Amino acid sequence: MNEMRGHSAGRLRGPMKRNSGKSSCTRASIGDKIPRRNHSDACQYHMQASKKDKHPFDHWYTPTWRGKDNNLQHGTSADQRGSKNNFNLTESDRQSIMEARNAIGVLRRLPPRMSTEDLKAFLAWFQSHNGTIDTESMDIVTFPAPEGGRGAIAIKDIPEGHTLFTIPRSLTLSTRTSSLPSKFGLDAWKQLRLHEGWAGLILCMMWEAARGPSSEWSEYFAILPAVFDTPMFWDNADLEELKGTSVVEKLGRDDAEKDYNEKVVPAVQVRPDLFAPKDIPTYYSLHTYHIMGSRILSRSFNVEKSELEEDQENTTVNTSIGSGMDVDPQEGGDEHDGEVQNKHVVEQVEEEEEEEEEEEDSSDIAMVPMADMLNAQYEMENAKLFYEETELKMVSTKLIKAGGQIWNTYGDLPNAELLRRYGHVDLLPLSSGGKGNPGDVTEVKADILVTLIKERHPELSPEATQERIDWWLEEGGDDTFILEFDFEIPPALASLTRLLLLSSVEWEKGREKGRPPKPKMDSEILAIVRDALERRLHEYPTTLEEDELMLSESVSLNKRHAIIIRGGEKRILLGTLERVKVQLEKDKASSGTTKNKRKGGDDRSPEAKAKKSRR
Ligand SMILES: C[S@@+](CC[C@H](N)C(=O)[O-])C[C@H]1O[C@@H](n2cnc3c(N)ncnc32)[C@H](O)[C@@H]1O
């Protein structure tokens, strides 16, 4: 899937990946002198292994295709939770949900609840527009909210490589398929920079929604969520619960609002013929902008142009940033009767991904009806979207047993990113004990190390330290380090710490050679890392024990999500800290032995001593 900074983009590549929010290569600046740059959205991560159980064929299932009322409710919103979830909503949660519903209820095509009728109308629309779905193999159902809400299941065993449904490219909604950019005029569109980032697609979606039944995507809009559990919509008190995590600084609300004010508002004002003034407070409001942005963030795919579209490139809107889930190109599609084998999945290396990211085209960001019905869970992916010249295909990538959920992948993101983009978290058994997301990560900013070293070594000149920091960053060094559940210290963290402690002679030598120090972990480095991890833990307002206690009590959904996220991050910090402390103890013990030896002390066995005296 795609990158989502506010609603301006990052991107992804490879098989249907959304941009992972974890990275071992985040960078910002250290200290005050360099403006912060955050590359975390551009970087790919290493996955952690973990196995999860498939969802059982449970009593809640009733088929959609066969016309029974399956009690479908509004997909991902808090609506479901009122009746079916394990979370206890407080009165204030209910109040804010009602307020949000009232705010959006004015929008004809942004219904606060999705009905079974809407879903049926959507399916009829999908099929009548040449979408195909194998209704003998799969169905759309409603899972309990913590398991994904609306999603798809196999109703019989589905072999690997089976096409579950196909979507004509013309049914996807993007700046390429909406007629708004050409009506607006491509030059004017570019002048307002609507071809950059997500603002153009958001405006297209606002416009299509405002058209009501005249829009080709009217039935699709009717089933899209209009209430989100993402922190973009949290109040300050709830956001405070995320203190210590990186979620808040990555929200990008200000950037999104800047785009709205600088691109969308002028566009709407300049063309009253396209954007009816009476619709501005509803369809073109900032709130609607955030709703559409959140829909893109949580549901869009990156759909590269077909060859035909490439050929027509000169007449299309050229954009520069990608979006959501990526779609795999399918090799030899037709020859294989639409079936895709795993060997067709194009493996792409990290570097290639980064390069392509730079080149990505924001007209690739597309809403893909039906494909966005699939939920995801850490390492559970069993279906992926592939593209061909004229259509996209959702194809099983593994055998899916009858009753099993059909899972897409969102990139096995850490919980902080899942919450930020999708509004949910993964809570699975961890190999190190307890529950959480095995893909979680914790960020440690280099600033913590710099401060600690300054405190421990007041004799170091601030100018000399800054000089080394500048060099480190210029050489492409990280200023944020990512810890994972393997509890390893990132080598770059050790290297930077050593760099800051080098004598002036060593520093000059290293600089001449253009080489940072080796990431050797001696006792001094370990002690600094230990203190840095302890300091990092203090950035959270609570301890892990306090969090666990809170989770056993009745808390609001937002607070629950925040506690789960900070709990995962703290587990990683504590596990890493423990490992560092053990190593320090070992070093101490062995240096004690060395000292004894130096002092002439000899704690070897009498046999060993006798051996030595013979030499
Ligand atoms: C691409 S949509 C998937 C379909 C969605 N459930 C629906 O009702 O239309 C992504 C949204 O589904 C929900 N979701 C997906 N996977 C989930 C999971 N494992 N647990 C909880 N919610 C999940 C989240 O609300 C997320 O924003």
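What you see is a predicted model; the values in this text were computed from it and never measured.
- Looking at residues two or more places apart in sequence or on another chain, you find a salt bridge (Lys or Arg N to Asp or Glu O under 4.0 Å) between Lys258 and Glu262.
- Contact record, Ala199 with Asp259: CB-OD2, 4.3 Å, taken as the closest heavy-atom pair.
- No donor-acceptor pair closer than 3.5 Å links the side chain of Asp364 to the backbone N or O of Ser174.
- In this view, Glu569 and Thr245, Ala416, Thr442, Arg536, Tyr540, Ile565 satisfy the side chain to side chain contact (heavy atoms under 4.5 Å, CB included) rule, not counting sequence neighbours.
- Qualifying ring pair (Phe, Tyr, Trp, His ring centres under 6.0 Å) partners for Phe165, counting only residues two or more places apart in sequence or in other chains: none.
- Under 4.0 Å is where a charged nitrogen must lie from a carboxylate oxygen, and between Lys398 and Glu381 no such pair does.
- The shortest non-hydrogen separation linking Pro438 to Leu428 is CD-CD1, 3.9 Å.
- Taking the six-membered ring for Trp and thresholds of 30 and 60 degrees, Phe233 and Phe228 have nearly parallel ring planes, at less than 30 degrees apart.
- Salt-bridge formation is not detected for the pair Asp440/Arg571: no Lys NZ or Arg NE/NH1/NH2 atom is positioned less than 4.0 Å from an Asp or Glu carboxylate oxygen.
- Without hydrogens or angle criteria, Thr397 side chain to Lys384 main chain gives no donor-acceptor distance under 3.5 Å.
- The heavy-atom pair separating Tyr260 from Leu286 by the smallest distance is OH-N, 3.3 Å.
- Smallest separation of non-hydrogen atoms from Thr230 and Ser294: OG1-OG, 4.5 Å.
- Judged purely by atom type and a 3.5 angstrom limit, Asn375 uses its side chain to pair as donor or acceptor with the backbone of Gly148.
- With sequence neighbours left out, Trp234 forms a side-chain hydrogen bond (donor to acceptor under 3.5 Å, both in side chains) with Asn558.
- Listed by chain and number, the residues in a side chain to side chain contact (heavy atoms under 4.5 Å, CB included) with Glu216 amount to none (sequence neighbours excluded).
- When the side-chain hydrogen bond (donor to acceptor under 3.5 Å, both in side chains) test is applied to Ser170, no partner is found at least two apart in sequence or on another chain.
- Between the side chains of Asp134 and His162, at least one donor N or O lies within less than 3.5 Å of an accepting N or O.
- With hydrogens and angles disregarded, no donor-acceptor distance shorter than 3.5 Å links the side chain of Asp426 to the backbone of Asn415.
- Scored by the ring pair (Phe, Tyr, Trp, His ring centres under 6.0 Å) test, Phe126 finds no partners at all (sequence neighbours excluded).
- Remark: Lys435 pairs with Leu427 by the side chain to side chain contact (heavy atoms under 4.5 Å, CB included) rule, at least two apart or across chains.
- Remark: the backbone N or O of Gly212 is not paired with any side-chain donor or acceptor of Ser215 at under 3.5 angstrom.
- No hydrogens or angles considered: nothing links the side chains of Tyr289 and Asn261 as a donor-acceptor pair under 3.5 Å.
- The minimum heavy-atom distance between Met292 and Met205, with the atom names listed, is CE-O, 3.6 Å.
- For Val248, the side chain to side chain contact (heavy atoms under 4.5 Å, CB included) criterion is met by Leu239, Leu242, not counting sequence neighbours.
- For the pair Arg566 (side chain) and Gly244 (backbone), a donor-acceptor distance under 3.5 Å is absent.
- Under the 3.5 Å distance criterion, the side-chain polar atoms of Ser362 are matched with a main-chain donor or acceptor of His195.
- Every residue two or more places apart in sequence or in another chain that forms a side-chain hydrogen bond (donor to acceptor under 3.5 Å, both in side chains) with Glu257 is listed here: His290.
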| field | Derivation of the side-chain contact (heavy atoms from CB on, under 4.5 Å) call for Met206 and Val264 | value | CA-CA 10 Å; Met206 292 166 134; Val264 171; 4.2 Å; yes
